Amino acid sequence: MEQIFEKLFGILSIIFTIISIVLLFLVIFFITKESVLIFQEVKFFDFITGLTWNPLAGEPTVGILPMILATFYVSMVAVLISLPIGIGCALELAALENERLKGFFTSILAVLAGIPSVIYGFIGLLVVVKFLERTFRLAAGESILSGGIVLAVMVLPYIVSSVAETTEKSYEKYKETSLALGVSKSYMLRALILPNAKGAILTSMILAFSRAMGETMAVMMVMGNSPILPKLLGKGETIPALIALEIGTAGLGSLHYHALFSSGFVLMMFLIFLNALFYLIKKNLTEHLE
Amino acid sequence: MKHHLILKDLSFAIGDTEILKKVNLTIPHNKILAVIGPSGCGKTTLLRTLNRLSDEEKQARVSGEILFKGKSIHQIPLAKLRKDIGLVFQQPTPFPMSIYNNLAYALKYHGVRGKGNLDTIIEAKLRLCGLYEEVKDQLTMSALKLSGGQQQRLSIARSLCVEPEVLLMDEPCSSLDIHNTKIIEDLIVKLSQHYTIVIVTHNLQQARRIADCTAFFLGGKLIEMNNTEGFFTNPQEEETKQYLQGLFG
């Protein structure tokens with residue numbers, strides 16, 4: 001009986017593993033299949049460098065450069081805002097000796113990561129957008145900057161946890177050796193722990209960047225969604241927002257429909273590339289550490 | 001004999017566990033004192049109370065007094081105390097940075113500025129520890145790539161960089177082979193011309209080979225201390241005799 005159970009368990013876990021791998025390939029396959037059709041009518045190069053998005057005009061044009069740029073722009077703003085805060089948090093967490101306080105902060109970060117993105121969008125609309133309108137006297141505060149600020153809060157937990165993983169370990173390992181040399185804890189954080197976390201910081205940046213690129217709802221709510229070339233204080237539309245907003249109204253099989261799939265395909269390619277980069281750097285780092 | 005550190009009724013406990021019990025000990029100037037005793041007798045804790053690293057433990061309680069050059073160590077600023085009383089750990093712990101930066105790390109904190117000054121001190125300490133010829137062309141190499149014995153000599157050089165007067169060593173050879181142990185032992189003897197050295201060791205032969213004085217601890221108490229020759233040839237206390245005969249360990 002025990003043996004049969006063992007076997008069954010083994011077979012089941014193999015099946016489930018295969019299912020998840022197959023699922024990934026199915027997603028890639030399906031998106032690619034729906035995307036390539038459009039390239040019979042529009043050149044791929046024109047598609048990703050075209051400046052106008054007007055798939056419903058008499059003579060439809062589908063160029064997604066503004067959306068690609070907006071996606072990168074808003075993600076970059078988010079990472080730039082989030083990174084210093086995240087690194088500071090990770091250093092502080094590493095040096096925190098009070099276990100209860102440490103647990104408290106860690107759980108706060110977990111809660112932050114667990115808040116639904118629509119709520120972030122909502123708060124962004126109420127707070128960030130309003131704030132930008134007042135500060136910069138804008139007609140509308142929906143902008144790349146507001147998207148970046150909202151996203152910064154959303155990716156913060158990822159940055160903190162992936163940097164803290166390294167800083168906590170090295171703080172534990174080198175604390176006594178460093179203290180025995182008479183140096184202060186803050187010097188240790190600055191001169192030893194921070195430089196040693198360079199790799200982790202880089203990987204956390206990539207991780208946060210790819211999270212930010214794929215985020216849809218919150219960004220959509222605070223960015224104004226105009227398919228124009230993005231400016232920091234102007235409106236912009238990311239690829240996920242474009243797809244989410246238009247896929248419902250695009251006629252099945254139409255150029256519009258396939259163009260949306262293609263933009264999804266482009267986004268997916270960027271993300272796969274970033275993930276590969278993330279994986280490579282991480283692997284390199286672990287080998288380096290050993 | 002000049003005394004460098006004097007312990008008066010030193011007790012140390014973590015929570016309810018007493019680790020050191022009323023230890024009275026004088027540590028002679030520029031000599032090697034070996035501290036021996038079975039595991040858990042408080043040897044390592046003794047070292048850690050001397051540079052107050054033990055204060056970092058939660059629920060640590062210290063009573064009694066430690067005088068460093070006649071002054072209570074609690075009246076000396078922590079950074080100064082730990083600069084003056086260095087500690088080399090059992091496991092070599094090079095920082096994950098270049099050999100050069102390992103040595104410059106504490107120097108910069110303690111206010112040594114200018115590449116010329118740093119270079120001079122670093123070269124001198126590497127030479128002192130017999131490491132300079134081996135690594136002079138690789139100072140920018142990661143210290144993690146050094147062999148175990150080299151790492152431990154680097155750790156010693158790093159402690160020496162900030163010019164301590166006392167060097168505490170916690171079983172510095174326990175993770176090294178015979179060859180590297182010999183190198184470190186010779187180094188320790190050489191260093192004792194300029195530094196007061198307290199070395200905790202499990203290895204009775206090592207104590208006998210290098211130490212000027214030897215102290216025996218058991219259950220957190222100092223049982224006996226004497227010059228090494230007298231200690232090994234003519235132990236006074238019954239416990240010491242039994243320990244030296246290997247009746248317990």
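Please read these numbers as outputs of a predicted model, since none were measured by experiment. To find a chain, count down the sequence lines: A is the first, B the second, and so on, and within it residues start at 1.
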Bottom line for A/Lys185: the part with an atom under 4.5 Å from chain B's heavy atoms is side chain
For A/Ser184, is it the side chain, the backbone, both or neither that has a heavy atom under 4.5 Å from a heavy atom of chain B?
both
Taken to the nearest 0.5 Å, the spacing of A/Leu181 CG from B/Tyr105 OH works out to 7.5 Å
Quick one: OH on B/Tyr109 to OG on A/Ser186, what's the gap to the nearest 0.5 Å?
6.5 Å
Given B/Leu87, B/Asn101, B/Leu53, the one with more heavy-atom pairs under 4.5 angstrom with chain A than any other is B/Leu53
Most heavy-atom pairs under 4.5 Å with chain A, out of B/Lys83, B/Arg158, B/Lys80, belong to B/Arg158
Below 4.5 Å from any heavy atom of chain A, which atoms of [X] appear? Answer side chain, backbone, both or neither.
X	value
B/Arg48	side chain
B/Pro92	neither
B/Lys58	side chain
B/Phe89	side chain

Please indicate whether [X] has more than 12 foreign heavy atoms, meaning atoms of other residues, nucleotides or ligands, lying under 6.0 Å from its [atom1].
X	atom1	result
A/Lys173	NZ	no
B/Lys108	NZ	no
A/Met217	CE	no
A/Asn98	CG	yes

Check the orientation of A/Tyr174 and B/Phe95. Use parallel for under 30°, tilted for 30 to 60°, and perpendicular for over 60°.
perpendicular
Is any side-chain heavy atom of A/Glu176 less than 4.5 Å from a side-chain heavy atom of B/Thr93?
no
Looking at every non-hydrogen atom in both residues, tell me the closest pair between B/Arg82 and A/Leu179 and how far apart they are.
CD-O, 3.0 Å
How close do B/Ala79 and A/Gly182 get, heavy atom to heavy atom, and via which atoms?
CB-O, 3.4 Å
When you measure from the side chain of A/Tyr187 to the backbone of B/Ala106, do you find a donor-acceptor pair of N or O atoms at a distance under 3.5 Å?
no
